[in-house]
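What follows is a set of notes on a single structure, which appears directly below.
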Amino acid sequence: MQPLPPTFAERDATVVAPELLNKLALVHGRLARITEVEAYTADDPASHSFKGRTGRNAAMFGPPMHWYVYLIYGMHHCLNLVTGPEGEGQAVLIRSVLIDGVDPARTVGPGRLCRELGVHRSFDGSFAELFDDGIAPPGEPEITPRIGITKAADWPRRWRVVRP
DNA sequence: CAACAGATTCTCT
DNA sequence: GAGAATCTGTTGT
């Protein structure tokens with residue numbers, strides 16, 4: 001178990017996202033293995049940072065290797081890792097994770113995993129504790145278009161671990 | 001102050 | 001696979 005250095009996140013979201021697969025995030029004392037991610041950059045019409053900095057997305061423009069958490073649909077939280085040079089407004093959305101001893105159905109989907117891990121808005125802007133346990137992903141990462149959004153949905157910026 | 005957005009989830013078919 | 005539900009925080013006037 002080796003902690004990932006902050007430099008890990010100091011690169012473009014499209015580079016960090018696939019590397020994030022099978023890494024471990026420590027959230028509220030629990031380890032979650034990342035199995036699906038999605039990259040968002042400032043030039044992406046679907047990104048919160050597209051229209052510039054606002055009160056809500058401030059963390060996205062903050063230092064990388066920190067969490068950006070927002071509330072969506074008035075009820076679901078989404079967890080993002082801020083990446084890229086500070087101030088650029090890049091992030092990687094964590095879409096699915098696996099936790100030992102927890103039914104995968106509870107941790108597949110951005111809203112679900114936040115509920116399971118107890119991630120809420122107060123987590124916004126905190127340092128992201130990420131680890132690498134050296135275990136390789138079970139298969140080649142699969143690159144697919146994004147889902148659940150209306151703008152630029154066909155951009156191939158979603159990565160997930162293919163089940164063995 | 002009011003309109004609005006929304007990167008979801010669930011429940012059907 | 002498609003459509004409805006659903007509710008705050010955010011944003012701009």
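Labels below follow one simple rule: chain letters A, B, ... track the order of the sequence lines, proteins then strands, and each chain is numbered from 1.
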*Do side-chain atoms of R30(A) reach the backbone of E116(A) as a donor and acceptor pair under 3.5 angstrom?*
yes
Where DNA chain C forms runs of at least three Watson-Crick or G-U pairs (i with j, i+1 with j-1, under 3.5 Å), the stems are B:1-6 with C:7-12, B:8-12 with C:1-5
Sub-3.5 Å pairs of nitrogen or oxygen atoms, protein against nucleotides 11-13 of chain B:
none

Distances under 3.5 Å only, N/O to N/O: pair up the protein atoms with those of nucleotides 11-13 of chain C.
unit_1: dT11(C); atom_1: OP1; unit_2: T54(A); atom_2: OG1; d: 2.1

Practice problem: Would you mind reporting whether E86(A) and P64(A) have side-chain heavy atoms less than 4.5 Å apart? | Solution: yes
### Query
Under 3.5 Å, side chain of H28(A) to main-chain N/O of L117(A), donor-acceptor pair present?
yes
Sorted by number, residues from residues 70-103 of chain A placing a heavy atom under 4.0 Å from DNA chain C are L71(A), Y73(A), G74(A), M75(A)
dist W67(A):CH2 -> L130(A):CG (nearest 0.5 Å) comes out at 5.0 Å
**Asked** Should the heavy atoms of other residues, nucleotides or ligands under 6.0 Å from CG of D100(A) be counted, would the total exceed 12?
**Response** no
Under a 4.0 Å heavy-atom cutoff, the residues of residues 107-127 of chain A touching DNA chain C are R121(A)
- prompt: Any donor and acceptor pair, going by atom type alone, linking the side chain of T107(A) with main-chain N or O of V97(A) inside 3.5 Å?
  reply: yes
query: Would you say R121(A) has more than 12 foreign heavy atoms packed within less than 6.0 Å of its CZ?
result: yes
**Expected output: side-chain T35(A) to main-chain S96(A) donor-acceptor under 3.5 Å** = yes
Residues pairing under side-chain hydrogen bond (donor to acceptor under 3.5 Å, both in side chains) where one sits in residues 3-17 of chain A, two or more places apart or in two chains, turn out to be R11(A)-E19(A), D12(A)-Q90(A)
Separation between CG (L31(A)) and CZ (F131(A)), nearest 0.5 Å, reads 7.0 Å
In this structure, CG of L93(A) is separated from CZ of R157(A) (nearest 0.5 Å) by 13.5 Å
Worksheet item: Hey, is the main chain of A91(A) close enough, under 3.5 Å, to the side chain of N80(A) for a donor-acceptor pair?
Response: no
Check whether D132(A) reaches the backbone of K23(A) with its side chain - one donor and one acceptor, N or O, closer than 3.5 Å.
no
Discussion item. Whether the side chain of R33(A) engages the backbone of N22(A) through a donor-acceptor N/O pair (distance < 3.5 Å, no angle test) should be reported.
Written reply: yes
Rounded to the nearest 0.5 Å, the NE2 atom of H120(A) sits from the NE2 atom of H77(A) at a distance of 7.5 Å
